[in-house]
Amino acid sequence: MAREELIHPYIAVQAENGRISYGGDQAWLKTPAERSFGCGLIAAADILRYLRRKEDREELPGDRTLSKETYLEEIRVLAGDFRIRGPLGITGFGIANRMNRIFRREGLPYRSKWSFGRRKLERRIPEMLSADIPVLLSVGPGFFHKKERLPLYRPDGQGGYRKVQSMRDHYVTVTGRIPSETGDSMLRISSWGDEYYVNQDEYEEHVKRCDNFLFSSILYIRKKERQT
């Protein structure tokens, strides 16, 4: 399996104590509901910023770190499009509709849809990364398996990975798909402003066992060909 990853540096924000984040962090949001259920808003905002930069809609160079104040100001502008309504958060279909509305409003040459199904997921993650488009990935609520969580990993410095965290009922952003020494596909993700890795086979087995591919899937974004 070839290594697939974004071409440009991912979103970086100067956070507390001099820490540089890897993507946004919903803990920075204003209200308790946003901090608890704002992962979809953060993932969508980071993808939009990446695509705007890619389409030369901003003057920022790709490796510039944002101030937290600048980042949160952008979030406040988007909050009207991605309203958080308590524990329901935002559905994948809702995110797709809102992204399309923003693409049209800003003249960005992209279209999105909520893509579900294991085969589509396996095909479209590498397709999007190869096209330099970040992938919004969901881990569903697992209504009847609420104690089950998907492991999150970090490199152990010896060619492998160690479990450091876990998640459920959450949106993250995939920025790379990397083969491990054991042959597994490891998805590099941004979550809560940090970099983690998800074993793709474990993800798919978790969805089959604890959830379904309607709630646990991806936002499929493709670039439209410009008409001349």
Side-chain angles (χ1 to χ4, degrees), residues 1-12 22-24 39-40 42-55 62-63 92-93 95-96 99-100 103 108-140 150-155 159-161 163 165 167 170-191 194-226:
M1 183 195 82
R3 181 185 182 114
E4 295 126 358
E5 53 193 328
L6 300 179
I7 295 172
H8 305 289
Y10 197 55
I11 310 305
Y22 189 69
C39 51
I42 291 294
D46 286 357
I47 291 170
L48 282 165
R49 166 166 269 277
Y50 190 91
L51 294 178
R52 288 184 189 119
R53 187 174 63 195
K54 183 172 179 251
E55 294 300 316
D63 59 352
F93 294 100
I95 291 176
M99 292 288 274
N100 282 329
F103 289 153
L108 290 166
Y110 296 93
R111 290 295 177 266
S112 70
K113 66 179 179 180
W114 189 243
S115 174
F116 51 92
R118 182 172 185 169
R119 291 183 179 178
K120 289 180 180 178
L121 181 145
E122 291 175 342
R123 182 174 74 250
R124 286 175 170 172
I125 288 178
E127 175 191 331
M128 287 179 61
L129 292 173
S130 296
D132 194 28
I133 299 173
V135 183
L136 185 149
L137 174 81
S138 70
V139 180
L150 180 70
L152 298 176
Y153 299 94
R154 284 200 176 118
Y161 294 83
K163 180 182 173 181
Q165 191 54 271
M167 65 177 176
H170 192 43
Y171 291 110
V172 302
T173 310
V174 180
T175 64
R177 191 172 77 124
I178 299 152
S180 72
E181 291 189 353
T182 60
D184 294 329
S185 297
M186 302 299 293
L187 302 177
R188 185 177 60 224
I189 67 164
S190 165
S191 174
D194 279 315
E195 179 179 336
Y196 296 103
Y197 290 80
V198 169
N199 184 301
Q200 187 170 344
D201 289 339
E202 287 184 359
Y203 171 81
E204 293 177 7
E205 288 304 312
H206 173 86
V207 175
K208 286 172 58 180
R209 182 168 51 87
C210 303
D211 202 66
N212 61 68
F213 283 99
L214 177 61
F215 294 115
S216 296
S217 197
I218 64 168
L219 182 71
Y220 177 55
I221 300 176
R222 62 182 179 84
K223 185 170 185 178
K224 295 178 63 179
E225 295 296 330
R226 293 186 184 274

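It should be emphasised that the depicted structure is a prediction, and the values quoted were computed from it without experimental measurement. Values below: all heavy atoms of this structure, side chains included; hydrogens, waters and symmetry mates excluded.
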Nearest 0.5 Å, please: how far is [atom2] in [Y] from [atom1] in [X]?
X	Y	atom1	atom2	value
Arg123	Ile218	CZ	CD1	9.5 Å
Ile125	Leu137	CD1	CG	5.5 Å
Arg209	Glu202	CZ	CD	9.5 Å
Thr175	Glu4	OG1	CD	12.0 Å
Tyr110	Lys223	OH	NZ	4.5 Å
Lys224	Leu108	NZ	CG	11.5 Å

task: Could I get the full list of salt bridge (Lys or Arg N to Asp or Glu O under 4.0 Å) partners for Lys113, not counting sequence neighbours?
output: none

- request: Would you please name every residue forming a salt bridge (Lys or Arg N to Asp or Glu O under 4.0 Å) with Arg124, sequence neighbours left out?
  value: none

Would a 4.5 Å heavy-atom cut-off, applied to side chains only, mark [X] and [Y] as touching?
X	Y	result
Tyr203	Leu187	no
Ile95	Trp114	no
Asn199	Pro151	no
Val174	Met128	no
Val139	Asp211	no

Which residues share a side-chain hydrogen bond (donor to acceptor under 3.5 Å, both in side chains) with [X], sequence neighbours left out:
X	answer
Ser217	none
Ser191	His170
Asp194	Arg19
Asp132	Tyr50

Under the rule for ring pair (Phe, Tyr, Trp, His ring centres under 6.0 Å), what residues qualify as partners of [X], not counting sequence neighbours?
X	answer
Tyr220	none
Tyr171	none
Tyr197	Tyr161

Using every non-hydrogen atom in the two residues, find where [X] and [Y] come nearest and quote the distance to one decimal.
X	Y	answer
Leu219	Gly92	CD1-O, 4.5 Å
Ile221	Met99	CD1-CE, 4.2 Å
Ala131	Lys54	O-NZ, 3.2 Å
Leu129	Arg177	CD1-N, 3.7 Å
Ala43	Leu136	CB-CD1, 3.6 Å
Ser216	Val207	CB-CG2, 3.4 Å

field: side chain to side chain contact (heavy atoms under 4.5 Å, CB included) between Arg53 and Ile11, worked out
entry: CA-CA 10 Å; Arg53 187 174 63 195; Ile11 310 305; 4.2 Å; yes

query: In chain order, what residues pass the side chain to side chain contact (heavy atoms under 4.5 Å, CB included) check against Glu122, with sequence neighbours excluded?
result: Arg118, Gln200, Glu204

statement: For Asn100, the side chain to side chain contact (heavy atoms under 4.5 Å, CB included) test, sequence neighbours excluded, returns Phe103, Arg104, Arg111, Ser112

Can a donor-acceptor pair be found between the side chains of [X] and [Y] at a distance below 3.5 Å?
X	Y	value
Asp46	Thr173	no
Tyr22	Arg188	yes
Tyr10	Glu195	no

task: Walk me through it: do Met167 and Tyr196 pass the test side chain to side chain contact (heavy atoms under 4.5 Å, CB included)?
output: CA-CA 11 Å; Met167 65 177 176; Tyr196 296 103; over 6 Å; no

message: Looking at Phe116, I'd like to know if its CZ atom is crowded, meaning that more than 12 non-hydrogen atoms belonging to other residues, nucleotides or ligands lie closer than 6.0 Å.
response: no

